[in-house]
Amino acid sequence: MIVKDHIQHILKEAVQLAMATHDQSFIELGDIEIEIPKKEEHGDFATNFALKASKKLGVPPRDLAQTIIEKIQSLVPDATLSVAGPGFINIKMPSSFWQNYILDIVKQGQSFGKTDYGQHKSVNIEFVSGNPTGPLHIGHVRGAVIGQIISNILEYSGYDVTREYYINDAGLQVEKLARSTYLRYREALGEHIEDIPEGLYPGDYLIQVGQDLVQKYGSKWLDTPEDEWIPIFREDAISAMMALIKKDLKELDIYFDLFSSEKALITEGKVDSALDELLKRDLIYTGTLPKPQSLQSNDDWTPEELLLFRSTQFGDEIDRPLKKVDGQLTYFASDIAYHYDKFMRNHERLINIWGADHGGYIPRLSSAVSAITDNKCQVEIKTCQMVKLTRGGEEIKMSKRAGTFVTLQDLIGEVGKDVIFFTVATKSSNTQFNFDLDAVTKQSMDNPVYYVQYAHARASSVLRKAADTFDIDLSSPDYDLRSLKDPQELSLIRKMSHFTHLIQLASEKLEPHIITDYLYELSSSFHSLWNSGKKNDELRFIQEENLENTVAKVLLVKAFQTVIANGLRCSNVVPMDTMERAIPVEDAPENSIKQA
RNA sequence: GCGCCCUUAGCUCAGUUGGAUAGAGCGUUGGUUUCCGGAGCCAGAGGCCAGAGGUUCGAAUCCUCUAGGGCGCACCA
């Protein structure tokens, strides 16, 4: 049960009773919103309903609020209610309500926070999808983190989630990969290769692949024509690159349910049949594009006949090509087929996590998906801005051309997976932000993820100590929780209760930072309560002379630990029972990320 | 030139879909160890929410314009 929903239910009933009192026939008043006040003086829950409805009903807001309050009181006799300010209704639940709530949390354990809000709808989420032309790098990190956490959150919210990686293994880029690999192959056979030509992939990671191919084939391909070795080298290089990428993903604790191949889509004829579908709907024609606006008026421009999709019918600026002049399919064409394929696999929601640099591509794809699925499916595309990597205020530039990019491996080596996840997730995905290496390495002690981990470890420590000191049986059905009456304790429980609806909120907005921010705040309340135990013995968790109180406190700590652990798991961070695994500053690895 | 996104404390960012006195961390100033882990806690300073209009009981949030930054604008994926 989500507490907020429960309260909303009660409020709804109270409003209906109040309407009768005011002699109003039913009027459409919209949703009754419950909010959790920022200030605790404003109670556990609040609603602005009276403010919103007063005009329609012709009753002053405070009067209306008073009537509603009386009705709520009759439904929940032991709640404390008040009218505040211009007409807010503040609701404060009795201590016993919160005390009993921790039993719910402890009982649910790892399931606490899960709901069936998503009704087991099938969601497909596609993310990372880096080209199979090299290892993952800093440009992929945000999509990886956001996609993975959103997947976790959606699962918690009761969706059936399929994590999918789309491999762009057709087209020009993988051909360039094949050519680059061929050069490394010749190099491994003793030939001196000056420089990897402009436009090919110069990265060192292909050296090993070249050597492996010599092991596999010997000098067999040295003097053969291009069209014989290209397919071989393409396949072998792609699988080598995917092995690298999968290794990167494994280190981030990201596992995909499915890797889909663009090439397979084409060879299986799925692209052709998707285009047929669009043709049936009269959305494809052969025509010419207008002159691009980015060209100057005196630039050369020869219009060409192309196969086009009528994306202008859906608000796009121009119609978009499905085939190139030479008759080859465009990436767009196979992307339509790919999304159609996902739809045909019975996914009800299609989510894509993209870099902001693909923003211009959204209108054409979403219009194509709407068209081909007859509006049964709307693709949801979440873009995230690039992460700017800085050290000491200086930006670390990357250049694919020069091969000077920061790999994900470098980043993991320097700051660790948990730090990456938490740091990236804490920012809302559509803002630009600086990932400052100094801030997360030199001062790693102050890093938010350790703060949260420390709270979890502290809770674990209390539970260990309690088990050593007392023989506590937490399975006994009767607890006296009345000693949990301090405002700090009740406030902590209240915050724990927010977890479930924040998971839902995060799953609606597709925003991981809602969870990581929450974990930080919850941890802060716990650390604060802990320290209050220094001054006030009654707040100490373990009270050697008072078993009854200790049991209550231990349950509180257990509940707290449960919520933090669940939240960390959502954030793809493994909860720690001790802090030993954290990297001390002096043992941190040497800086492997150099200024370009 | 056109389109999308962004602008909140010195720095990095929140702000519960229009609510109550705009909040955290870092940095800074001061305090805090008899103790279940001090990687913690408590207090202070720091704001014209980029700027100007508008919408209404009420705006950081919605609309218009302006300034600054990011991204995109051919058949490359």
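Below, chain A is the first sequence line, B the second, and so on; all start at residue 1.
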**Student:** Taking C-beta and beyond as the side chain, do A:I36 and A:D44 meet within less than 4.5 Å on heavy atoms?
**Tutor:**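 No, side chains not in contact.
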
**Student:** What interatomic distance, in whole Å, is found between C1' of B:A74 and the corresponding atom of B:U12?
**Tutor:** 39 Å

**Student:** Report the secondary structure of RNA chain B in dot-bracket form, marking unpaired bases with a dot and bases paired to a different strand with |, and treating Watson-Crick or G-U pairs with both distances under 3.5 Å as paired.
**Tutor:** (((((((..((((.....[...)))).(((((.......))))).....(((((..]....))))))))))))....

**Student:** Starting from the 5' end of RNA chain B, give me the residue, A:I318 or A:E41, whose nearest nucleotide shows up first.
**Tutor:** A:E41

**Student:** How does each nucleotide of nucleotides 28-38 of chain B score, in 5' to 3' order, for protein heavy atoms under 4.0 Å: base (B), sugar-phosphate only (S), or none (-)?
**Tutor:** -------BBBB

**Student:** Answer yes when A:E489 and A:K553 have at least one side-chain N-carboxylate O distance shorter than 4.0 Å, and no when they do not.
**Tutor:**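 Yes, charged N to carboxylate O under 4.0 Å.
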
**Student:** Where the side chain of A:S528 is concerned, which of B:C41, B:C75, B:U16 is the nearest nucleotide?
**Tutor:** B:C41

**Student:** Within less than 4.0 Å of OP1 or OP2 of B:C5, is there a side-chain N or O belonging to A:T431?
**Tutor:**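 Indeed not, no polar side-chain atom of A:T431 lies that close.
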
**Student:** Taking the side chain as every heavy atom from C-beta outward, state whether A:F127 and A:E164 have any atom pair closer than 4.5 Å.
**Tutor:**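 A:F127 does not reach A:E164 side chain to side chain.
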
**Student:** Among the nucleotides B:C76, B:A24, B:A20, which one has an atom lying closest to any side-chain atom of A:L172?
**Tutor:**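 Looking only at side-chain atoms, A:L172 lies closest to B:C76.
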
**Student:** Between A:T426 and B:A24, does any side-chain N or O lie under 4.0 Å from OP1 or OP2?
**Tutor:**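 False: A:T426 side-chain N/O out of range (4.0 Å or more) of B:A24 OP1/OP2.
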
**Student:** Is there side-chain contact between A:F541 and A:N549, with at least one heavy-atom pair below 4.5 Å?
**Tutor:**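 A:F541 does not reach A:N549 side chain to side chain.
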
**Student:** If you assign each of A:Q385 and A:E305 to its closest nucleotide in RNA chain B, which residue comes earlier from the 5' end?
**Tutor:**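 Closer to the 5' end of RNA chain B: A:Q385.
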
**Student:** Going 5' to 3' along nucleotides 56-62 of chain B, which nucleotides have protein heavy atoms under 4.0 Å from the base (write B), which only from the sugar-phosphate (write S), and which from neither (write -)?
**Tutor:** -S-----

**Student:** Could you tell me how far B:A60 sits from B:C49 if I compare only their C1' atoms? Round to whole Å.
**Tutor:**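 Between the two C1' atoms, the distance is 5 Å.
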
**Student:** From C-beta outward on A:K324, which listed nucleotide comes closest to its side chain: B:G3, B:C75, B:A14?
**Tutor:** B:C75

**Student:** Can you check whether A:R320's main-chain N or O pairs, donor with acceptor, with A:R310's side chain at less than 3.5 Å?
**Tutor:**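 Absent.
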
**Student:** Should A:K382 and A:E511 count as an ion pair when the cut-off is N to O under 4.0 Å?
**Tutor:**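 Yes, A:K382 and A:E511 are salt-bridged.
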
**Student:** Which of these nucleotides, B:C41, B:G23, B:G25, is closest to any side-chain atom of A:K39?
**Tutor:** B:G23

**Student:** According to the 5.5 Å centroid and 30° plane-angle thresholds, does A:H513 stack upon the nucleobase of B:A14?
**Tutor:** no

**Student:** How about CD on A:E380, more than 12 heavy atoms from neighbouring residues, nucleotides or ligands closer than 6.0 Å, or not?
**Tutor:** yes

**Student:** Using a heavy-atom cut-off of 4.0 Å across all strands, would you classify A:A84 as base, sugar-phosphate, or nothing?
**Tutor:** base

**Student:** How about A:H456 and A:F560: are their ring centres within less than 6.0 Å of each other?
**Tutor:** no

**Student:** So what does A:E304 hit on the nucleic acid, given a heavy-atom distance under 4.0 Å: a base, only sugar-phosphate, or nothing?
**Tutor:** base

**Student:** Between B:A9 and B:A22, how many Å separate the two C1' atoms, rounded to a whole number?
**Tutor:** 11 Å

**Student:** Regarding A:N90, tell me which of base, sugar-phosphate or nothing describes its non-hydrogen contacts under 4.0 Å with the strands shown.
**Tutor:**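 Base, at least one base atom sits under 4.0 Å.
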
